Number of protein chains: 2
Amino acid sequence: MKFTNSEENYLKSIFHLQMQQGNVSTNTLAATLKAKPASITDMTKKLNAKKLLHYKPYYGFYLSTEGRKAALEIIRRHRLWEAFLAEKLEFQWDDVHEIAEELEHISSKKLIDKLDAYLGFPKFDPHGDPIPDNKGKIKEPRKISLLQMQTDVPCIVCQVGNDSAELLELLKHKKISIGSKLSVKKRFEYDHSLEIKINQSLITISNQLAKNVFVTYES
Amino acid sequence: MKFTNSEENYLKSIFHLQMQQGNVSTNTLAATLKAKPASITDMTKKLNAKKLLHYKPYYGFYLSTEGRKAALEIIRRHRLWEAFLAEKLEFQWDDVHEIAEELEHISSKKLIDKLDAYLGFPKFDPHGDPIPDNKGKIKEPRKISLLQMQTDVPCIVCQVGNDSAELLELLKHKKISIGSKLSVKKRFEYDHSLEIKINQSLITISNQLAKNVFVTYES
DNA sequence: TTTTATTTTTAGACAAAACTAAAAATTTTT
DNA sequence: AAAAATTTTTAGTTTTGTCTAAAAATAAAA
Ligand SMILES: [Mn+2]
Ligand SMILES: [Mn+2]
Ligand SMILES: [Mn+2]
Ligand SMILES: [Mn+2]
């Protein structure tokens with residue numbers, strides 16, 4: 001699918017914010033894009049209609065699988081161009097970002113794959129950020145502790161914090177294992193415990209346990 | 001000064017039309033830009049207000065000194081990117097134009113001058129068209145259309161009339177490219193087609209094609 | 001020199017992407 | 001639980017670039 005420059009900038013910013021915090025709010029996105037909140041709502045509705053993100057009025061939004069895929073393509077283009085500017089054209093590393101902001105919107109797949117090959121398939125951009133490959137895969141596996149995971153986003157357990165018998169026993173008892181699909185439903189401020197939905201039922205997880213369960217977004 | 005993509009496309013097209021004919025008319029520009037005449041009038045008035053062209057309602061228009069300077073910068077960017085795509089990224093010559101149509105709008109002067117240096121300050125793009133230097137100077141080659149070329153004189157293809165996909169496809173099929181050595185062997189009065197010798201074989205070329213193939217004498 | 005055809009311009013509409021100002025929903029504080 | 005503060009959305013405008021349909025100007029034909 002082909003997007004406008006503006007749509008692409010939104011997708012990219014939402015992706016980045018999502019990496020840091022969980023759910024993205026209208027105001028934070030407005031701040032990073034240097035736009036007014038009203039403009040964010042407008043575009044958010046448009047991206048929602050295109051099924052690029054999940055949006056519930058007043059409760060923020062997060063990218064859909066589609067949207068995440070698109071964002072990764074844009075990030076790939078951005079970082080490959082940054083690599084080109086720095087390595088081939090001898091730009092300083094603090095000088096490449098602005099130009100890459102424009103180059104990233106040129107969407108020819110052939111162009112980007114050829115550029116990638118020309119640069120020798122670099123894994124990182126000049127700032128050390130990983131460059132997604134042509135399948136959208138990033139070198140570093142993207143894992144988040146359940147504590148960081150935003151609510152209501154389906155995700156998959158991919159790693160546990162350690163191999164202690166006690167931890168594994170508890171996980172086994174709660175029927176959580178690598179590959180389990182779940183989503184965080186609620187957080188309690190009192191003891192920082194979470195309620196998660198797994199296997200069609202709601203269960204409670206302590207803060208200590210959540211800290212040691214790592215998930216990735218559903219692919 | 002900074003222009004919108006649309007303004008730049010208009011400036012470029014007007015420049016090219018001006019090279020062929022003299023004054024540019026609303027309808028011809030509409031045809032080359034694949035837009036409606038009403039749109040041309042709108043943009044023409046805007047460019048006139050910005051003093052980029054001289055415009056007299058109902059009597060066509062032509063670029064001002066300012067406008068010509070801007071057009072040459074865009075053409076410089078376009079052709080440098082085409083050179084980059086062909087030489088560094090190994091694109092075919094009939095495959096570079098479309099992508100350069102987008103790249104040409106990235107206006108960083110530093111980027112273009114660095115790209116120019118990286119390519120070794122090329123004088124011609126993959127289609128044999130001259131690349132303006134960073135002062136806007138073009139080095140015009142001494143060239144003759146195949147139509148004007150006398151028979152049995154060896155010559156070298158140095159330029160094609162335009163970058164249209166259809167023209168390039170036909171040239172590719174006939175194995176004619178920049179640098180090809182050939183000589184005109186025969187002309188036919190009936191349809192003004194020619195027979196030329198190229199790669200040790202005789203092939204037929206239509207009048208329309210010959211008009212758009214330019215050659216220089218062998219040096 | 002009228003009439004007809006063509007070209008060009010105007011008038012009005014539309015979509016995209018932004019904005020301001022005001023209303024509505026949510027969150028926080030009292 | 002009510003009031004105040006904050007966040008988010010809606011409503012209405014603006015700019016850019018395009019379009020269609022109709023009017024006006026110019027060019028060509030009769
Ligand atoms: Mn950008
Ligand atoms: Mn970077
Ligand atoms: Mn263009
Ligand atoms: Mn060219």
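Computed over heavy atoms, backbone and side chain alike; hydrogens, waters and symmetry mates excluded. In this text the structure is predicted, and so the values were computed from the model without any measurement.
- For the pair A/Lys45 NZ and D/dT9 P, the interatomic distance rounds to 8 Å; values are reported in whole Å.
- In this structure, B/Lys114 forms a cation-pi arrangement with A/Phe91, its terminal cationic atom sitting closer than 6.0 Å to the ring centre and no more than 45° off the ring axis.
- The shortest distance between the side-chain N/O atoms of A/Asn27 and the OP1/OP2 oxygens of D/dT6 is not below 4.0 Å.
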Check the interface with nucleotides 1-3 of chain C: list each N/O to N/O pair with the protein under 3.5 Å, or write none.
none

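- Remark: P of C/dT27 and CD of A/Glu189 are 13 Å apart, rounded to the nearest angstrom.
- Under 4.0 Å is where a charged nitrogen must lie from a carboxylate oxygen, and between A/Lys50 and A/Glu7 at least one such pair does.
- Residues passing the ring-ring contact (aromatic ring centres under 6.0 Å, His included) test with B/Phe214, sequence neighbours excluded: none.
- Residue B/Tyr55 is in sugar-phosphate contact alone, with no base atom involved, counting any heavy-atom pair closer than 4.0 Å across all strands shown.
- Remark: B/Gln208 engages B/Ser206 in a side chain to side chain contact (heavy atoms under 4.5 Å, CB included) (not counting sequence neighbours).
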What nitrogen or oxygen pairs link the protein and nucleotides 19-24 of chain D at under 3.5 Å?
residue	atom	partner	partner atom	Å
D/dC19	OP2	B/Lys36	N	3.2
D/dC19	OP2	B/Ser39	OG	2.6
D/dC19	N4	B/Asp42	OD2	3.4

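- Among the heavy atoms of the strands lying under 4.0 Å from A/Pro37 is at least one base atom, whether or not backbone atoms are also near.
- In this structure B/Phe84 satisfies the ring-ring contact (aromatic ring centres under 6.0 Å, His included) test together with A/Phe84, B/Trp81, sequence neighbours excluded.
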Run the side-chain donor-acceptor check on residues 25-34 of chain B: report pairs under 3.5 Å with partners two or more places apart or on a different chain.
residue	atom	partner	partner atom	Å
B/Ser25	OG	B/Thr28	N	3.3
B/Ser25	OG	B/Thr28	OG1	2.5
B/Thr28	OG1	B/Ser25	N	3.3
B/Thr28	OG1	B/Ser25	O	3.0
B/Thr32	OG1	B/Leu29	O	3.1

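- Under the ring-ring contact (aromatic ring centres under 6.0 Å, His included) criterion, B/Phe3 pairs with no residue, sequence neighbours left out.
- A straight line from CE of B/Met43 to P of D/dT15 spans 16 Å, rounded to a whole angstrom.
- Between the P atom of D/dT8 and the OH atom of A/Tyr59 lies a distance of 11 Å, rounded to the nearest Å.
- Rounded to whole Å, atom P of D/dT8 lies 16 Å from atom CG of A/Asn48.
- Atom CG of A/Asn23 and atom C1' of D/dT7 are 14 Å apart (whole Å).
- For residues 145-160 of chain A, the set of pairs meeting the salt bridge (Lys or Arg N to Asp or Glu O under 4.0 Å) definition, not counting sequence neighbours, comprises A/Asp152-A/Lys185.
- Summarising the geometry, the separation between CG on A/Leu29 and P on D/dT7 is reported as 15 Å, rounded to the nearest angstrom.
- The list of salt bridge (Lys or Arg N to Asp or Glu O under 4.0 Å) pairs with a residue in residues 36-45 of chain A, not counting sequence neighbours, is empty.
- Rounded to whole Å, the distance from CG on A/Asn5 to P on C/dA18 is 10 Å.
- Contact between the side-chain N/O atoms of B/Thr26 and the OP1/OP2 oxygens of C/dT9 is found at a separation under 4.0 Å.
- Nucleic acid contact class of B/Phe61 (heavy atoms, under 4.0 Å, all strands): none.
- Heavy atoms of B/Ser6 sit under 4.0 angstrom from primed sugar atoms or phosphate atoms, though from no base atom.
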